[in-house]
Amino acid sequence: MQPLLQSGERMEEESPKPPLSLWGRVSAFQTRAWEAYKSKPISHWILLVLSSGGMLIAFPASSLLSRVYYANGGTSKWIISWVAVAGWPLTALILLPTYFVCKTTPTPLNIKLTVSYIVLGLLSAADNLMYAYAYAYLPASTASLLASSSLVFSALFGHLLVNNKLNAAIVNAIFIITAAMTIIALDSDSDRYGNVTDKQYILGFVWDILGSALHGLIFALSEWVFVKLLGRRSFHVVLEQQVMVSFFAFVFTTIGVIVNKDFQGMKNEAGIFKGGKSAYYLVLIWSVISFQLGVLGATAVLFLSSTVLAGVLNAVRVPLTSIAAVILLNDPMSGLKILSLIVTFWGFGCYIYGSSSASSSRNSS
C-alpha cells in the first residue's frame, strides 16, 4: 500500500496553468529559438544558412535555365536530362574530404546496396527525362507548380514503403495540392506558348505529373534504403548515396544520349542557338553547376536540420521559381495560376504542420 503523502509533498492539487497570451507565446518561441541557437556552434548555423540559400537559389535557377535552353533553340530532352546528373563529380569531391575530417571509412558495398543504387539511378534518369519533356512544352512557372505535387506522392509512397504516418493535416495537404493541380489544368488555354500544340501541352502536363510521382517514389525508396540497408544517416552516408545514385543515373542517361546521337547534335544546336555558341554552352554549364549545388544544399539541410525545414524551403522555392519565371522569362501569369500558387502554398503549410506534429509525437513516445 502506497503512502498517501510523501515527505515534503504539498497537499493541495496544482491549479491548471492559464493559457498563454500571444505575447507569451512569442516570448516562449524566442526562448526556444535562443536555446536551440546556443546548443549548436556558430559553424553549424553558417553551414545551414549557406545550404538553405543553395536550395532557394540553385533549384529555381536550374529550372529557369532548362526553360531558357528550350526557348532559345534547344530541342534535346536527353541533353537536359544529362546536365542534371553530369555534375556528380562535384558531390564526389566534397565527399572525399569527409572521410578524413570525420575519420570514417566508406560504407562497404554489398549486392543489395549496389542493386538499390542501380535501381535508384535508373529511376532518377527516367525522372529527369520526364521533367525535361515538361519544361520543353510548359512555362517554367506552370512546370514548377505541377512539380510540387511530388510532395503528395512522397507522403503516399512513404506511408506504403516505410510506414510514415498520415495524419489529418497531411491528408488535407494531399487534397489541397491535388486541387491546385486541377486549377492549373483548367487554365491550360492562358499559359500556352504559341509554338506549342495542344498535344504537346498535354504531354508536358502528363510527363510533369508522372515525373512528380516518380520523384516521390525515389524519395520514399531512398528513405527505405536508409532504414533497411544502411541503418544510419550520417553526413558522409547521405553523400555516398547521392554520389552513387547520381553516378548510375549519369551512366544510364549518357547511354541514352549516345543512342539518340544527341552529342553530335549539340554542335548544330549551338550554331542556331539565340546568343551564339558561347551562350549555348554557358546555359548547359550553369545548368550542371546549379543543379548539383541545389542537391548539395538539400542534402546538407536534411542532415543539419530536419525534413520539416527541407519541406519549408521546398515550399518557398515553388513561388520563387514562378515569380522569377514571370519576371525574367515573361511567363504568363493568369488569375487562376495565382490562385493555384496560393492554394499550393496552403497545401505545403498543412503538410509541414502535419510532418512536424508527427515528428513531435514520435519523439515524445
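Just so we're clear, the structure is a prediction, and the values are computed from it rather than from any experiment.
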Undergrad: Between D331 (side chain) and S141 (backbone), is there a donor-acceptor pair under 3.5 Å?
TA: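 A pair under 3.5 Å: yes.
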Undergrad: Given side chains that start at C-beta, do those of L221 and L217 come closer than 4.5 Å, heavy atoms only?
TA: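 The answer is yes, as the side chains (C-beta and beyond) meet within the 4.5 Å cut-off.
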Undergrad: Using only atom types and a distance under 3.5 Å, with no angle test, would you say the side chain of N260 pairs donor to acceptor with the backbone of G256?
TA: no
Undergrad: Is R67 reaching over with its side chain to a backbone N or O of L329, donor-acceptor style, under 3.5 angstrom?
TA: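 Absent.
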Undergrad: Looking only at non-hydrogen atoms, find the nearest pair between W78 and T253 and report the distance.
TA: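 Scanning both residues completely, I find the closest heavy atoms to be CE3-O, 3.8 Å.
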Undergrad: Side-chain donor-acceptor pairs under 3.5 Å in residues 89-101, sequence neighbours left out?
TA:
from : atom 1 : to   : atom 2 : distance (Å)
T91  : OG1    : Q292 : OE1    : 2.8
T98  : OG1    : L95  : O      : 2.4
Y99  : OH     : E240 : OE2    : 2.6

Undergrad: For T254 and W82, does a side-chain donor sit closer than 3.5 Å to a side-chain acceptor?
TA: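 Yes, W82 and T254 have a side-chain donor paired with an acceptor closer than 3.5 Å.
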Undergrad: May I ask you to decide if S76's main-chain N or O and Y69's side chain share a donor-acceptor pair within less than 3.5 Å?
TA: yes
Undergrad: Atom CG in L123, atom CE in M130: separation rounded to 0.5 Å?
TA: 9.0 Å
Undergrad: Side chains of F153 and L214: closer than 4.5 Å at any heavy-atom pair?
TA: no
Undergrad: Linking I/L/V/M/F/W/Y whenever any side-chain heavy atoms sit under 4.5 Å apart, do V251 and V243 land together?
TA: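 V251 and V243: one cluster.
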Undergrad: Determine whether F175 and I209 fall in the same hydrophobic cluster, where Ile, Leu, Val, Met, Phe, Trp and Tyr are linked whenever their side-chain heavy atoms lie under 4.5 Å apart.
TA: yes
Undergrad: Could you check if a side-chain atom of F219 sits within less than 4.5 angstrom of a side-chain atom of S150, using non-hydrogen atoms only?
TA: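 Contact flag for F219/S150 side chains = no.
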Undergrad: Can you see which heavy atom on G347 is nearest to which on I177, and at what distance?
TA: CA-CG1, 4.0 Å
Undergrad: For N128 and S81, does a side-chain donor sit closer than 3.5 Å to a side-chain acceptor?
TA: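 The criterion, which ignores hydrogens and geometry beyond distance, is not satisfied for S81 and N128.
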Undergrad: With heavy-atom distances below 4.5 Å as the criterion, would you say the side chains of S340 and V343 are in contact?
TA: no
Undergrad: Looking at F59 and A298, what are the two nearest heavy atoms and their distance?
TA: CE1-CB, 4.2 Å
Undergrad: Going by heavy atoms in the side chains, are L65 and S290 under 4.5 Å from each other?
TA: yes
Undergrad: Looking at every heavy atom in both M55 and G297, which two are closest together, and how far apart are they?
TA: CG-C, 3.7 Å
Undergrad: What is the distance from atom CG of L203 to atom OG1 of T197, rounded to the nearest 0.5 Å?
TA: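 Between atom CG of L203 and atom OG1 of T197 there are 8.0 Å.
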Undergrad: Report, one line per pair, each donor and acceptor closer than 3.5 Å where one atom sits in a side chain of residues 270-287; sequence neighbours left out.
TA:
from : atom 1 : to   : atom 2 : distance (Å)
Y280 : OH     : E269 : OE1    : 2.7
S287 : OG     : V283 : O      : 2.7

Undergrad: With rounding to the nearest 0.5 Å, note down the distance linking CE in M266 to CG in N268.
TA: 11.0 Å
Undergrad: Among all residues two or more places apart in sequence or in another chain, which pass the side-chain hydrogen bond (donor to acceptor under 3.5 Å, both in side chains) test with S149?
TA: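 For S149, the residues satisfying side-chain hydrogen bond (donor to acceptor under 3.5 Å, both in side chains) (neighbours in sequence not counted) are S212.
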Undergrad: Before we go on, tell me: are the rings of Y137 and W207 under 6.0 Å apart, centre to centre?
TA: no
Undergrad: Taking all heavy atoms of S144 and all of T321, pick out the closest pair and write down the distance.
TA: CB-CG2, 3.7 Å
Undergrad: Please tell me if the side chains of V288 and V85 come closer than 4.5 Å, counting only heavy atoms from C-beta onward.
TA: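 No, their side chains stay 4.5 Å or more apart.
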Undergrad: Give, for atom CG of L50 and atom CG of L293, the distance between the pair rounded to the nearest 0.5 Å.
TA: 11.5 Å
Undergrad: Rounded to the nearest 0.5 Å, how far apart are CG of L138 and OH of Y70?
TA: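 Here the rounded value is 11.5 Å.
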Undergrad: Is there a donor-acceptor pair closer than 3.5 Å between any side-chain N or O of D262 and the backbone N or O of G265?
TA: no
Undergrad: Check whether any side-chain heavy atom of Q241 lies under 4.5 Å from a side-chain heavy atom of V237, and answer yes or no.
TA: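 They are not in side-chain contact.
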Undergrad: Just wondering, do Y117 and K112 contact through their side chains at under 4.5 Å, heavy atoms?
TA: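 K112 does not reach Y117 side chain to side chain.
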Undergrad: Do other residues, nucleotides or ligands put more than 12 heavy atoms under 6.0 Å from F248 CZ?
TA: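 Yes, the 6.0 Å shell around CZ holds more than 12 heavy atoms from other groups.
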Undergrad: Supply the atom-to-atom distance S322 OG to L145 CG, rounded to the nearest 0.5 angstrom.
TA: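 Here the interatomic distance stands at 4.0 Å.
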